[in-house]
Amino acid sequence: MKTLYSKFIALFVLFVAVTVLSGLMVFKGISDRKTDGLVINLTSKLSMLALKMTEEAFSLNEGMGSRKTLEDTVGQFNRTFQGLISGDKELGLPPTRNADIIIRLQEIKSHWEEFRRNIEIVNADSEIRNISLPFIAENNVRLLEEIDHAVQMMVEAGLPSRTVNLAGKQRMLTQKIAKEVLLAVHGIVPGETVMETVSLFSKNHHDLLKGDESLGLAAITDRELLSRLERVESLWAPFRENVEILVRTSMEMTEAFTYLQKRHIPFIEQIDRVAGMYTQRAESKIENLKVVQVVAMLIVVVAVFLGWRFIVWPTQEKLTESERRFRSLVSNIPGAIYRRSNAPDWSMKYVSDTIGEISGFPGSDFLRNNARSYVDIIHPDDRDMVDKLTKEGVGKKSPFVLEYRIVHSNGAIRWVYEKGQGIFNKKGETRWLDGAIFDITDLKLVEEELKRAKEQAEKATKMKDQFVSLVAHDLRSPFNSLLGYLGIMISDQKDKLSEKHGKMANRIIENGQGLLKMIDGLLNISRLQTGEITPQLRFIDGYTVAASAKMQLEYIAREKGVEVINQIPKGTRLFADMDLIAEVAQNLVSNAIKFCNKGDMVTIFIPTDREATIAIRDTGVGIPEKVLPNLFRHEVRTTSLGTSGEKGTGLGLPFSHDIMKVHGGDLRVESVEKEGSTFYVTLPYQSFSVRS
């Protein structure tokens, strides 16, 4: 025995050592493959980022791009590139060690520095252009007006036609400069041409003020006219400065774009060549890993063979003892364990004694169908189902799970749960079916009780909804009549109510209208819950939904000094019920206005970090944290007075939440007290899109 144990321990240690060593080698190879895959992906990402930077720079030149977007793309490229060279722990990148690849990366680095410099020129000059162009457009008109005034004054003063014509020429030059600046910005007109026009304007203006003997122009001496020309001079100085800035930046951007157009494709090709080198190096590692895996597998096979030869085979004599232990273990399981043939007669090779407790028949009756087959005790109505599901599981080579009835030896009907699976040989043929059978009769009785209780609860809920709908409907007509009569009494000038009674009647009407609003809310909720209101889904424009809510509440918002802003792009498509979504939008915007103070803002927009969502954000008083969990619950009243004392029914938000649920969507809220709230109206992703 000691010798056997010693052999076992020696082989076990050898097997563990070989397995661990092989595992480490394979793990290292797999780890290298993951790292190489990450490096290859990031190198490919560099190509995409280089192309993206060029496109974003061109967009900036056309006045359509974003400087922040371009800066972010440059930052991503720089970090990824530095990670490839020096490593990046956050990205899981080790430093590059291959000498050939390092040489290539250094070449790319030198080109990247020049490429980045030109990108930064475009980015910086586009900002200058965004400042100077509007300034020129605005002050061009003012400059023209001042020149026109000066010309009019010259005509009225009777100055010589040469002087008047020269002043008129200034007006033409101003318009020409504005036009040439726009053409220079787009690279159509050289900057030198613009500066020649600018110099001509300055010379003409000087001649008007000081005179020019060669042109036969006398210096202007009229004080009012001099004052007007000095105002022209005060507008011309900054106008000229911005023109010169635009000309200079346009020339710089033209040079930068020329570089980018020539170099971005060779630059991307350089990156792609490095990606190819990484790929070739990774493929070489994969071949080495295959060799390691084959060697490891051979070593494991040898170790398994030695284990079988010196351990498994000598211990076969102990199988009988193991079988006895197995039977003892099975006897303590609350279900019956079996092994049977796959034949229609269900001949049992083995079944545990627990089958007697389940069926009332001893297990020996079923062994090789000595007294009866197990099929005989299955309820006749369930036999076809059991046979069908069992064959399907065996055919798919997957476990089968069954619930069916059996007939107990005393004639009682019992429910059983069976789970089994096929045992197959090397050819894929079914040898046996192994499984377990458990008595679940008591569980089935409990399920039936629960089912009856559920049906009764659903019936009670339906009756409650019908009752609420009926009561709310019957209350509405009397309240309308009552409020109508009170309105007639107040407006009756012949039998006019006293001031005291008038105030009381107005208070009754005000409270009655609030109650009517609550009744309408209850009716809507009841109709939605009982299915009287169902969404009529179609494609609608989200911008129109927001615009409608804004228009209907614009007066209330203006009265409170609250600004409502619609930032939903036109063409935002929603697949929803127009009336129901409009109800949700109006409820949320109205609620936001209610809790805003003068000077606050309500914004309807599409969040960039949430798909298929429209949001309503306000800068009002916010919602207390303890109220948030109950905000959409019908059974909890969360309504409170608005910032101007406005009352509410407390039904709008729960109703809006119900509307989103029947759409298959959701309604959520984020709020911080004294900072405001944001409600998110989310539809299923497949129903949402924005037209190009």
Side-chain angles (χ1 to χ4, degrees), residues 507 510-522 524-525 528 542-543 545-568 580-607 609-610 613-661 665-682:
R507 180 62 62 86
E510 181 182 346
N511 291 333
Q513 288 174 342
L515 191 55
L516 266 179
K517 190 174 181 181
M518 181 178 292
I519 290 172
D520 287 338
L522 288 172
N524 286 334
I525 292 172
L528 195 66
Y543 171 83
V545 174
S548 175
K550 176 182 177 181
M551 180 184 67
Q552 295 191 34
L553 298 168
E554 188 75 32
Y555 176 77
I556 297 174
R558 193 182 303 115
E559 287 292 309
K560 288 195 71 173
V562 176
E563 183 180 4
V564 180
I565 300 174
N566 179 9
Q567 293 183 349
I568 303 293
L580 292 179
I581 288 297
E583 179 78 14
V584 172
Q586 187 169 342
N587 281 343
L588 295 179
V589 174
S590 174
N591 193 65
I593 296 171
K594 177 181 175 183
F595 293 102
C596 281
N597 291 305
K598 184 176 182 180
D600 282 335
M601 183 183 300
V602 177
T603 306
I604 312 169
F605 65 100
I606 296 178
D609 58 341
R610 294 175 186 248
T613 298
I614 291 178
I616 293 89
R617 178 176 61 223
D618 65 74
T619 58
V621 298
I623 303 171
E625 186 176 355
K626 63 180 181 181
V627 176
L628 287 174
N630 301 318
L631 202 59
F632 303 125
R633 296 175 61 183
H634 293 284
E635 67 274 15
V636 180
R637 185 175 176 84
T638 59
T639 185
S640 59
L641 295 178
T643 55
S644 297
E646 302 100 321
K647 295 181 180 179
T649 64
L651 300 176
L653 291 179
F655 181 49
S656 298
H657 188 263
D658 288 348
I659 289 175
M660 295 314 302
K661 287 298 182 184
D666 198 6
L667 176 60
R668 296 181 180 275
V669 61
E670 295 176 358
S671 183
V672 178
E673 284 194 77
K674 299 180 181 180
E675 294 183 13
S677 308
T678 304
F679 286 81
Y680 297 96
V681 180
T682 302

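The figures here come from the full heavy-atom set of this structure, side chains too, leaving out hydrogens, waters and symmetry mates.
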Partner set under side-chain contact (heavy atoms from CB on, under 4.5 Å) for A615, not counting sequence neighbours: F605, P607, T678, Y680

By salt bridge (Lys or Arg N to Asp or Glu O under 4.0 Å) - contacts of R558 (at least two apart): none

Where L641 and K594 come nearest, the two heavy atoms and their spacing: C-CE, 4.2 Å

Over all atoms of both residues, closest heavy-atom pair of A582 and V545: CA-CG1, 4.1 Å

Heavy-atom check, side chain of S590 versus side chain of I556, under 4.5 Å: no

Distance-minimising heavy-atom pair for I581 and M660: CD1-SD, 3.9 Å

Under 3.5 Å donor-acceptor, T643 side chain and C596 backbone: yes

Atom pair CD1 (I604) and CD1 (I568), whose distance is rounded to the nearest 0.5 Å: 7.0 Å

Which side-chain N or O atoms in residues 548-555 pair as donor and acceptor under 3.5 Å with protein atoms at least two apart or in another chain?
| residue | atom | partner | partner atom | Å |
| --- | --- | --- | --- | --- |
| S548 | OG | Q552 | NE2 | 3.3 |
| K550 | NZ | V564 | O | 3.3 |
| Q552 | OE1 | Q586 | NE2 | 3.3 |

Interatomic distance, F679 atom CZ to R617 atom CZ [nearest 0.5 angstrom]: 13.5 Å

By side-chain contact (heavy atoms from CB on, under 4.5 Å) - contacts of M601 (at least two apart): E563, I565, T603, T619

Side chains of D666 and H657 in contact at under 4.5 Å (non-hydrogen atoms): yes

Qualifying residues under salt bridge (Lys or Arg N to Asp or Glu O under 4.0 Å), relative to K560, sequence neighbours excluded: E646

Contacts of type salt bridge (Lys or Arg N to Asp or Glu O under 4.0 Å), residue E559, not counting sequence neighbours: none

side-chain contact (heavy atoms from CB on, under 4.5 Å) assessment of L667 paired with L588: CA-CA 10 Å; L667 176 60; L588 295 179; 4.0 Å; yes

Atom of E625, atom of P629 and distance for their closest heavy-atom approach: O-CD, 3.4 Å

CG on L580 to CD1 on I659, rounded to 0.5 Å: 5.0 Å

Qualifying residues under side-chain hydrogen bond (donor to acceptor under 3.5 Å, both in side chains), relative to N587, sequence neighbours excluded: S656

Those residues that, when tested against P624, pass side-chain contact (heavy atoms from CB on, under 4.5 Å) (two or more places apart): K626, V627, E673

Stepwise side-chain contact (heavy atoms from CB on, under 4.5 Å) check, F595 with D600: CA-CA 10 Å; F595 293 102; D600 282 335; over 6 Å; no

Reported CD1-to-OH distance for the pair I614 and Y543, which is rounded to 0.5 angstrom: 13.0 Å

Shortest non-hydrogen separation from S677 to G622 and the atoms involved: OG-CA, 3.6 Å

